[in-house]
Each structure stands twice: as structure tokens, then as C-alpha cells.
Amino acid sequence: MIEETLFSRIVNGDIPADIVYQDELVTAFRDINPRTPTHILLVPNKVIPTVNDVSADDESTMGRLIVVAQKLAQDEGIADDGYRLIINCGDHGNQEVYHLHMHLMGGRPLGPMLTRKQTD
Ligand code: 5GP
């Protein structure tokens with residue numbers, strides 16, 4: 001049996017969340033600690049721990065994440081100004097929850113993606 005995750009419990013309705021979209025492949029809900037005016041997490045309904053675990057069978061699910069992110073950006077009124085989609089992977093990617101998720105972030109200018117450390 002595949003291990004449950006925090007996000008699979010949200011997908012299944014066992015933990016409350018502000019779900020803004022759900023279909024047979026993906027679920028989207030607002031981040032509990034929003035860093036931008038719009039901060040939505042999009043997750044596959046099935047547990048895929050990280051991008052490293054995506055297989056060819058998951059192509060339609062991964063494509064759906066982008067299509068739904070585009071729709072939600074429209075719904076949120078941020079599509080024209082632009083936004084950022086982020087998938088963190090693993091330790092160096094600072095991934096906190098090991099159920100693959102895409103951050104949809106926008107509603108203000110987001111600045112450069114990463115700031116260079118003085119020592120780099
Ligand atoms: P990561 O760092 O893994 O890419 O992002 C994990 C995200 O999940 C964080 O932005 C964090 O705020 C969010 N998060 C953690 N726990 C919960 C929760 O219980 N509910 C919701 N809606 N978001 C959560």
C-alpha cells in the first residue's frame with residue numbers, strides 16, 4: 001500500500017484545506033502559509049514523492065498540473081501580470097512535504113528567482 005502523506009490526506013478530505021480545484025488527477029488548495037497574495041499548491045491525487053519519482057505513466061497528470069495552474073491564474077486575475085510556478089525537489093530544493101506539489105505564486109512582482117550569496 002502506498003504511504004499516506006499530509007497532502008494525500010487533504011486530497012481525501014481527511015484534513016481541512018481551502019480546496020480551489022479538484023478532478024480525477026489533481027487537487028489544488030491554498031497554501032497554509034501564503035508567501036504571496038496568490039499562493040496555491042497543486043498536487044497529483046496519487047502520491048508521487050518527488051520529481052525524481054515521476055514515471056512515463058504520470059505524463060498526463062504532470063501536464064494537468066500546468067493546465068490547471070493556468071486556469072487558476074486566470075481565475076485569480078494574475079494571468080496577465082504573470083506569476084511563478086515552482087516545484088521543489090529533495091534536500092537541496094528545500095522540499096518540505098514529500099508529495100510532489102507545484103506552487104502557483106503571484107499577485108505582486110516576485111523579483112529574481114534566487115539571490116546570489118556574497119560568497120558565491
Ligand atoms: P515545499 O517547501 O515542500 O515546496 O512546500 C510545502 C508547502 O506546504 C509550504 O509552502 C507550506 O506552507 C505548505 N503546507 C505545509 N503544511 C500545510 C498544510 O497542512 N496545509 C496547507 N494548505 N499547506 C501546507
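Positions are given from 1 along the sequence. Computed from a prediction, not measured in an experiment: that's the story for all the values here.
Heavy-atom minimum distance, T36 versus M105: OG1-CB, 3.5 Å. The heavy-atom pair separating P37 from G107 by the smallest distance is CG-O, 3.7 Å. Taking every heavy atom of both residues into account, A69 and L42 meet most closely at N-CD2, 3.6 Å. Scanning all heavy atoms of the two residues, the minimum distance from C89 to N52 falls at SG-ND2, 3.9 Å.
Hydrophobic clustering places M62 together with L85 (ILVMFWY residues linked when any side-chain heavy atoms are closer than 4.5 Å, directly or through intermediates). In the hydrophobic clustering of this structure, L41 does not group with L72; members are Ile, Leu, Val, Met, Phe, Trp, Tyr whose side-chain heavy atoms approach within less than 4.5 Å, directly or through other members. When the side chains of ILVMFWY residues are joined at heavy-atom separations under 4.5 Å, either directly or via intervening members, L65 and V54 end up in a single hydrophobic cluster. Residues I66 and V51 are members of one and the same hydrophobic cluster, defined by side-chain heavy-atom contacts under 4.5 angstrom among Ile, Leu, Val, Met, Phe, Trp and Tyr.
Between T38 and Y83, every side-chain heavy-atom pair lies at or beyond the 4.5 Å cut-off. Side chains of T50 and L100 form no contact here, defined as non-hydrogen atoms less than 4.5 Å apart. The closest side-chain heavy-atom distance from M102 to V43 is not below 4.5 Å. Counting only heavy atoms from C-beta outward, the side chains of L25 and P44 never approach each other to under 4.5 Å. Between D18 and F29 there is no side-chain heavy-atom pair separated by less than 4.5 Å.
Not a single donor-acceptor pair under 3.5 Å links the side chain of R108 to the backbone N or O of G106. Remark: the backbone N or O of D23 is paired with a side-chain donor or acceptor of N45 at under 3.5 angstrom.
To the nearest 0.5 Å, the span separating OG on S8 from CD1 on I15 amounts to 8.0 Å. Distance check, rounded to the nearest 0.5 Å: CD1 of I19 to CD1 of I40 gives 12.0 Å. Summarising the geometry, atom CD belonging to Q70 is positioned 11.0 Å from atom CG belonging to L104; distances are rounded to the nearest 0.5 Å.
R64 and E24 are joined by a salt bridge, as a carboxylate oxygen and a charged side-chain nitrogen come within less than 4.0 angstrom of each other. Of the charged side-chain nitrogens involved, at least one lies within less than 4.0 Å of a carboxylate oxygen, so that K46 and D58 count as a salt-bridged pair.
Applying the salt bridge (charged side-chain N to carboxylate O under 4.0 Å, His left out) criterion to R9, with sequence neighbours excluded, gives E4. Residues satisfying the salt bridge (charged side-chain N to carboxylate O under 4.0 Å, His left out) criterion with D75, sequence neighbours excluded, are K71. Residues passing the salt bridge (charged side-chain N to carboxylate O under 4.0 Å, His left out) test with E59, sequence neighbours excluded: none. D31 meets the side chain to side chain donor-acceptor pair (under 3.5 Å) test with H39; sequence neighbours excluded. For D53, there are no salt bridge (charged side-chain N to carboxylate O under 4.0 Å, His left out) partners, not counting sequence neighbours.
The number of heavy atoms from other shown groups lying within 6.0 Å of CG (D80) does not exceed 12.
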Start with the C-alpha gap between H103 and I87, add the side-chain angles, then the distance that decides, and say whether side-chain contact (heavy atoms from CB on, under 4.5 Å) holds. CA-CA 6 Å; H103 297 254; I87 303 177; over 6 Å; no
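Sorted by first and then second residue, the side chain to side chain donor-acceptor pair (under 3.5 Å) pairs with a member in residues 90-101 read T5-H99; sequence neighbours excluded.
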